[in-house]
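Have a look at the structure below, then the notes.
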Amino acid sequence: MSEPGEARAEATDRRALQRLEGSVGRLLRELGELRARNRRAEARIRDVEALLRSFTKGEDDPARLQDRLSRLQEENQDLRERMGEGRAGIDRLLSRIRFLEEQR
């Protein structure tokens with residue numbers, strides 16, 4: 001008569017073991033994700049520390065960097081304008097070619 005009780009206990013144990021295995025699996029996945037995040041964070045910290053060292057050593061003067069940024073922004077604006085002018089020239093050439101093709 002103890003067989004049905006043993007079977008229930010065994011089924012309960014089996015379910016508990018499955019839940020435990022599921023929990024352990026989730027924890028292992030989470031641990032892997034946390035380790036990956038930790039590696040990325042440590043890499044960012046190293047990058048930031050290197051950048052901070054370069055500023056504190058005076059290798060990169062903030063005023064000089066600001067001046068360079070301004071010059072690059074001006075150059076970028078000039079290039080955008082030149083690209084616009086180039087596109088307009090190409091559009092004019094295409095219009096002429098289409099006109100000449102229509103004349104044939």
Side-chain angles (χ1 to χ4, degrees):
M1 291 221 174
S2 64
E3 291 180 19
E6 287 178 13
R8 275 194 303 261
E10 198 173 300
T12 301
D13 289 347
R14 205 173 303 119
R15 285 192 303 270
L17 181 60
Q18 288 173 342
R19 286 195 309 266
L20 180 62
E21 287 175 340
S23 295
V24 169
R26 283 189 300 277
L27 287 172
L28 289 173
R29 282 190 299 278
E30 188 174 332
L31 178 62
E33 292 168 3
L34 288 172
R35 284 181 175 165
R37 284 181 59 194
N38 187 43
R39 282 191 298 272
R40 288 190 303 270
E42 287 176 349
R44 288 189 70 200
I45 287 170
R46 283 191 300 273
D47 292 345
V48 168
E49 286 175 342
L51 184 60
L52 182 60
R53 277 192 302 276
S54 72
F55 277 119
T56 57
K57 288 180 181 177
E59 295 172 6
D60 292 323
D61 177 34
R64 189 172 51 106
L65 289 175
Q66 181 63 40
D67 182 54
R68 183 168 182 237
L69 175 63
S70 297
R71 282 182 292 156
L72 289 173
Q73 288 173 333
E74 289 172 8
E75 182 180 335
N76 195 22
Q77 182 60 37
D78 179 55
L79 291 172
R80 282 191 180 119
E81 290 171 4
R82 290 171 63 188
M83 289 288 293
E85 292 170 3
R87 285 189 184 109
I90 289 172
D91 288 340
R92 284 192 301 273
L93 287 173
L94 286 173
S95 294
R96 288 180 189 168
I97 289 170
R98 286 186 194 111
F99 176 77
L100 291 173
E101 286 178 346
E102 289 173 3
Q103 296 299 315
R104 284 199 244 177

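As the structure is a computational prediction, the values presented were derived from the model and not from experiment. Only this structure's heavy atoms are used, side chains among them; waters, hydrogens and symmetry mates stay out.
Between the CG atom in N76 and the CD atom in E74 there is a gap of 11.0 Å [rounded to 0.5 Å]. The CG atom of D13 lies 11.5 Å from the CG atom of L20; values are rounded to the nearest 0.5 Å.
Checked by atom type, the side-chain pair R26/S23 shows a donor-acceptor distance below 3.5 Å.
For D91 and R87, the salt-bridge test fails: no basic side-chain N is under 4.0 Å from an acidic carboxylate O. Remark: E75 does not engage R71 in a salt bridge, criterion side-chain N to carboxylate O under 4.0 Å.
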_Working for side-chain contact (heavy atoms from CB on, under 4.5 Å), residues L94 and I90_ = CA-CA 6 Å; L94 286 173; I90 289 172; 4.1 Å; yes
Donor-acceptor contacts, no H, no angles, side chain residues 34-49, under 3.5 Å, sequence neighbours left out:
unit_1, atom_1, unit_2, atom_2, d
N38, ND2, E42, OE2, 3.4

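Here I97 is tied to no hydrophobic group at all, with no ILVMFWY side chain closer than 4.5 Å.
L65 and L52 sit in two unconnected hydrophobic clusters of ILVMFWY residues. Membership requires side-chain heavy atoms under 4.5 Å apart, directly or through other members.
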